[in-house]
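See structure below.
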There are 2 protein chains.
Amino acid sequence: MKIERRKVSMQVFDRIKEYIHKEKMQPGDRLPTEKQLSEMFGVSRTPVREALSVLEASGLTVSKQGGGSIVQAASLTNLIEEIQFEFVDTEEVLNLLETRIILETEAARLAAERGTADDKLIIKKKLEEIRSSQHDNRVGDKEDIAFHNAIAKASHNPILVHSVENLTTLYEKAIRFSLKKNMGISEKRAQVLSEHERIYTAIRLGNGEQAGEEMYQHLSNACKKFKHSFDQALNS
Amino acid sequence: MKIERRKVSMQVFDRIKEYIHKEKMQPGDRLPTEKQLSEMFGVSRTPVREALSVLEASGLTVSKQGGGSIVQAASLTNLIEEIQFEFVDTEEVLNLLETRIILETEAARLAAERGTADDKLIIKKKLEEIRSSQHDNRVGDKEDIAFHNAIAKASHNPILVHSVENLTTLYEKAIRFSLKKNMGISEKRAQVLSEHERIYTAIRLGNGEQAGEEMYQHLSNACKKFKHSFDQALNS
DNA sequence: CTATCATAATTTGTATGATAAATATACAAC
DNA sequence: GTTGTATATTTATCATACAAATTATGATAG
């Protein structure tokens with residue numbers, strides 16, 4: 001039997017989250033001071049500070065020297081189940097997207113030119129799963145990836161499929177650890193959905209050039225959005 | 001204008017990530033000790049510990065009491081899975097070539113646009129090795145692959161490089177295990193060399209469009225030749 | 001020589017106290 | 001109402017110390 005020994009700092013991390021939830025704290029509210037928290041939990045300031053570091057890195061709070069720690073998360077109900085940070089290099093994500101653009105632009109074109117009715121039906125299904133995920137207000141990363149993979153499959157080139165799947169999986173991992181706050185911007189979601197629809201339509205009509213162009217635009221926009229959110233994170 | 005004021009702990013966080021990346025640390029490798037890190041960056045242990053807390057919470061490292069901090073996740077580039085090679089099928093070789101065309105056309109374009117003088121020198125060297133292999137009447141597969149890989153490297157996109165290398169080595173294996181190797185290639189060697197030279201020239205001049213076009217022609221020709229020799233083998 | 005085990009050294013985890021720097025607050029001056 | 005200033009509060013960092021866990025070392029037995 002293995003006794004679970006969690007670090008005090010991480011226990012404090014949980015307790016503070018719990019506290020925020022319990023007290024129904026709103027964005028802008030001030031947390032108790034580090035001194036108060038350390039007395040509250042019967043520990044020293046050190047683990048409290050480390051817990052607050054993680055909280056801040058996860059975007060839940062902001063600590064300002066002299067000003068205390070302030071709750072930032074907009075809604076505590078869909079509070080972070082999992083901590084998400086950026087530890088992946090921005091440059092690597094951009095390189096990843098660049099490579100995806102190269103491969104998937106052609107994959108979309110080939111899908112339009114070679115895809116069977118069956119292939120296109122599957123793509124359509126994936127598109128609708130994206131729609132319903134959006135309707136449920138979920139993130140929908142998995143559905144997004146599935147849509148792109150389905151298009152690759154319609155190219156009927158297994159090597160290409162494998163390469164695309166490889167990159168999309170990597171991308172999902174990268175995004176999971178790098179995207180922190182810019183999830184749920186509905187207007188952007190609508191735009192993404194519209195882009196997906198345009199890609200699908202072009203494929204359905206068998207218009208390879210158009211499909212490639214739409215895919216290119218779609219991924220280029222993803223690239224722009226990523227850069228933009230990164231710049232924002234830098235200035236905060 | 002907003003004066004940039006990043007906390008030391010977060011600067012340390014970035015520096016450690018940078019260090020892991022720079023040193024190409026693999027999962028399982030041990031980071032320097034907290035003491036060493038604090039001396040390295042000229043700060044106390046406190047911010048170093050807070051940075052490590054965030055790193056650990058993000059899943060990049062694990063810190064064990066007494067055991068040091070070890071890297072857990074690697075950079076994206078190292079995560080790319082290789083396509084395992086099963087058996088050589090003509091169709092698969094064509095699929096492989098098709099995917100290579102997609103990737104390497106763009107790789108050549110990027111090489112022309114982003115390649116440094118150094119990069120181009122290396123490409124030139126590889127080209128000359130192809131020439132000398134031809135002079136020695138050797139097959140020169142390795143040299144051919146090295147030439148293509150060097151071009152990919154000049155794109156300065158590690159993900160793209162890895163993807164291209166993956167495919168070129170796969171291609172080399174495929175050709176090697178394919179029974180019909182060296183099928184009537186010798187007379188086309190001069191042509192292949194000329195194609196390589198045209199690619200190099202376009203890259204050297206920084207003409208991206210041209211470089212892409214030449215690469216496209218080159219690999220398309222390889223495709224045609226493969227098809228042709230396969231048909232011949234069928235009819236014999 | 002090898003393997004095992006006790007011991008020492010190293011390293012992280014936590015505690016404590018002190019100082020610097022930024023912010024918040026209260027209050028006076030205009 | 002606004003501005004400025006003094007004071008108190010609070011976070012950010014430093015320095016040191018010790019506990020706890022792991023790793024390295026070396027001795028001993030076979």
Side-chain angles (χ1 to χ4, degrees), chain A residues 1-17 19-20 23 25-73 83 235-236, chain B residues 1-17 19-20 23 25-72:
Chain A
M1 183 179 81
K2 193 158 138 197
I3 294 179
E4 183 79 16
R5 296 201 58 158
R6 301 189 62 224
K7 282 190 271 194
V8 174
S9 57
M10 284 303 107
Q11 295 183 46
V12 171
F13 172 78
D14 288 336
R15 295 289 297 272
I16 295 178
K17 275 200 302 186
Y19 178 88
I20 293 175
E23 299 288 324
M25 296 187 74
Q26 298 301 312
D29 290 353
R30 279 199 351 186
L31 280 175
T33 69
E34 295 178 356
K35 189 162 150 53
Q36 288 172 326
L37 287 170
S38 64
E39 283 165 359
M40 229 160 119
F41 304 134
V43 298
S44 77
R45 258 188 74 206
T46 310
V48 170
R49 279 196 57 75
E50 285 168 9
L52 287 172
S53 292
V54 176
L55 278 172
E56 181 171 13
S58 74
L60 230 197
T61 64
V62 186
S63 302
K64 272 192 290 194
Q65 186 169 311
S69 291
I70 297 165
V71 177
Q72 218 194 12
I83 316 163
N235 297 338
S236 67
Chain B
M1 184 176 94
K2 193 161 149 195
I3 294 180
E4 186 75 19
R5 266 216 162 79
R6 304 192 59 223
K7 283 191 267 196
V8 174
S9 57
M10 283 304 110
Q11 293 182 47
V12 170
F13 172 77
D14 287 335
R15 294 288 297 273
I16 295 179
K17 277 200 304 184
Y19 179 87
I20 292 174
E23 298 288 324
M25 296 189 75
Q26 301 298 314
D29 289 355
R30 282 204 346 192
L31 280 175
T33 68
E34 295 177 355
K35 188 160 146 52
Q36 287 172 327
L37 287 170
S38 64
E39 282 165 0
M40 231 160 115
F41 304 135
V43 299
S44 76
R45 254 186 81 199
T46 309
V48 170
R49 279 194 58 73
E50 286 169 8
L52 286 174
S53 292
V54 177
L55 278 172
E56 181 171 12
S58 74
L60 227 204
T61 63
V62 188
S63 301
K64 272 193 290 197
Q65 185 167 284
S69 294
I70 58 186
V71 176
Q72 228 194 5

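Protein chains get the first letters and strands the later ones, always in sequence-line order, with residue 1 at the start of each.
Where S44(A) and G67(A) each meet DNA chain C at their nearest nucleotide, the meeting point lying more 5' is that of S44(A). Take the nearest nucleotide of DNA chain C for G66(A) and for R49(B): the residue whose nucleotide is more 5' is R49(B).
Across dT11(D), dT12(C), dA15(C), the shortest atom-to-atom separation from the side chain of T46(A) is found for dA15(C). Relative to the side chain of Q65(B), the nucleotides dA15(C), dT13(D), dG13(C) differ in distance, and dG13(C) lies closest. The T33(B) side chain lies nearest to dT11(C) when the options are dA12(D), dT11(C), dT14(C). Candidate nucleotides dC14(D), dG13(C), dA15(C) were compared by shortest atom distance to the side chain of K7(A), and dG13(C) ranks first.
In this structure, S69(A) OG and L37(A) CG are separated by 8.0 Å, a value rounded to the nearest 0.5 Å. Once rounded to the nearest 0.5 Å, the distance linking NZ of K35(B) with CD of E39(B) reads 4.0 Å.
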What verdict does the salt bridge (charged side-chain N to carboxylate O under 4.0 Å, His left out) test give for K7(B) and E56(A), after you've listed the backbone C-alpha separation in whole Å, the side-chain angles of each residue and the deciding distance to 0.1 Å?
CA-CA 12 Å; K7(B) 283 191 267 196; E56(A) 181 171 13; 2.4 Å; yes

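With rounding to whole Å, K35(A) atom NZ is found 17 Å from dA12(D) atom P. Following rounding to the nearest Å, E34(A) (CD) and dA22(C) (P) show an atom-to-atom distance of 16 Å. Rounded to an integer number of Å, the gap from F41(A) CZ to dG13(C) P is 20 Å. As rounded to whole Å, 12 Å separates atom C1' of dT10(D) from atom CG of L52(A). Protein atom CD of Q36(B) is 18 Å distant from nucleotide atom P of dA9(C), rounded to whole Å. Atom P of nucleotide dA19(D) and atom NZ of K64(B) are separated by 24 Å, given to the nearest angstrom.
Listed here is the closest heavy atom pair of A51(A) and V12(A): CB-CG1, 3.8 Å.
A donor N or O paired with an acceptor N or O is not found under 3.5 Å between the base of dA24(C) and the side-chain atoms of R30(A). Side-chain N/O atoms of R45(A) and base N/O atoms of dG17(C) include no donor-acceptor pair closer than 3.5 Å.
Applying the 4.0 Å criterion to OP1 and OP2 of dG13(C), one finds that S9(A) has every side-chain N and O outside that range.
Side-chain contact between M10(A) and V54(A): present, with at least one pair of heavy atoms (C-beta onward) separated by less than 4.5 Å.
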